[in-house]
Amino acid sequence: MPKETKYWLMKSEPSSFSIDDLRAAPRQMTYWDGVRNYQARNFMRDMAIGDHVLFYHSNANPPAIVGIAKVVKTAYPDPTQFDKKDSHYDPDSEPSRPRWDMVDIKLVRKLSHPLTLDHLKKEHKLKGMVLLQKGSRLSVQPVTPQEWAHILSLG
DNA sequence: GCCAACGTTGGC
DNA sequence: GCCAACGTTGGC
């Protein structure tokens, strides 16, 4: 299998973890815990080291792509699923067969100007983006090389 | 705060 | 397997 770099978009609510939090983090890295959606989890399991990530602020004003990151550690069990005190605790997940994974990402750069959802919607070349599909709520989603290139050209 | 769209759960 | 009820997401 040829190794191909893949592209992704990951959503975070800035009130819980923002691009500035990532920038301020040790080594500008973070683990992406709390994903509790099978489709999003499966996408994380598809990630390889070096894959490119768009960092998106959801539930924000305005919602926008605010930075670029890359995958620095592939999927491994998310410990919060076993933590009874954590809001993401999953009593049905067996430690011998963890149900939920996370990856580590590292900041590449924060965009000087966020690319707002409103702006993205106006780009015909981005019409097919998962992010822009009606009712799309996936917190981890694939981005095509063409979409990636176009988004970077906007910045 | 509202609510549409979606995913999950559980009774049958 | 169906589907109503419920919880969550996330734009507005």
Side-chain angles (χ1 to χ4, degrees), chain A residues 6-25 29-47 51-71 74-144 146-148 150-155:
Chain A
K6 295 187 289 291
Y7 304 93
W8 310 96
L9 180 146
M10 299 173 93
K11 295 179 186 174
S12 184
E13 301 196 13
S15 58
S16 70
F17 192 84
S18 72
I19 191 74
D20 289 327
D21 292 329
L22 178 58
R23 193 163 62 167
M29 282 175 48
T30 190
Y31 44 87
W32 206 263
D33 63 347
V35 170
R36 296 294 181 269
N37 171 283
Y38 289 106
Q39 225 182 330
R41 180 205 66 184
N42 292 343
F43 284 135
M44 285 201 295
R45 288 181 174 176
D46 282 345
M47 291 181 180
D51 279 5
H52 302 294
V53 176
L54 296 169
F55 194 109
Y56 178 85
H57 277 172
S58 62
N59 256 315
N61 193 13
I65 293 170
V66 292
I68 310 287
K70 65 179 178 181
V71 175
T74 55
Y76 62 106
D78 175 351
T80 63
Q81 68 196 302
F82 305 123
D83 181 356
K84 288 195 170 100
K85 297 195 185 79
D86 195 280
S87 62
H88 297 293
Y89 174 61
D90 182 352
D92 297 328
S93 182
E94 305 265 349
S96 59
R97 239 161 33 93
R99 178 180 291 182
W100 304 111
D101 282 357
M102 61 189 193
V103 297
D104 288 359
I105 65 166
K106 180 178 169 63
L107 181 69
V108 172
R109 63 187 169 93
K110 178 182 171 178
L111 298 186
S112 47
H113 301 291
L115 293 169
T116 65
L117 179 63
D118 201 45
H119 182 177
L120 298 173
K121 280 179 178 169
K122 290 177 178 144
E123 294 294 323
H124 287 197
K125 288 185 177 170
L126 300 180
K127 272 204 160 72
M129 271 191 89
V130 176
L131 180 73
L132 303 182
Q133 303 316 300
K134 185 175 181 181
S136 174
R137 302 186 320 183
L138 261 185
S139 62
V140 177
Q141 53 183 256
V143 171
T144 69
Q146 293 77 19
E147 288 161 356
W148 177 272
H150 189 67
I151 287 164
L152 289 207
S153 78
L154 299 174

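Numbers restart at 1 for each chain; the letters A, B, ... are given by sequence-line order, proteins then strands. Keep in mind the model is a prediction, meaning the values are calculated, not measured.
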Going 5' to 3' along nucleotides 6-12 of chain C, which nucleotides have protein heavy atoms under 4.0 Å from the base (write B), which only from the sugar-phosphate (write S), and which from neither (write -)? -BBBBBS

Could you tell me how the ring of Trp32(A) sits relative to the ring of Phe17(A): parallel (under 30°), tilted (30 to 60°) or perpendicular (over 60°)? perpendicular

Show every donor-acceptor pair shorter than 3.5 Å between a side-chain atom in residues 53-69 of chain A and any protein atom, with sequence neighbours excluded, or say none if there are none.
unit_1, atom_1, unit_2, atom_2, d
His57(A), NE2, Ile19(A), N, 3.1
Asn59(A), ND2, Glu13(A), OE2, 3.1

Answer yes or no: is there a side-chain heavy-atom contact under 4.5 Å between His119(A) and His113(A)? no

First encountered from the 5' end of DNA chain B, between Lys134(A) and Tyr38(A): Lys134(A)

Any side-chain donor near an acceptor of the partner, Thr80(A) and Arg36(A), under 3.5 Å: yes

Please lay out, stage by stage, how Trp100(A) and Tyr38(A) fare under the test ring-ring contact (aromatic ring centres under 6.0 Å, His included). CA-CA 8 Å; Trp100(A) 304 111; Tyr38(A) 289 106; 4.7 Å; yes

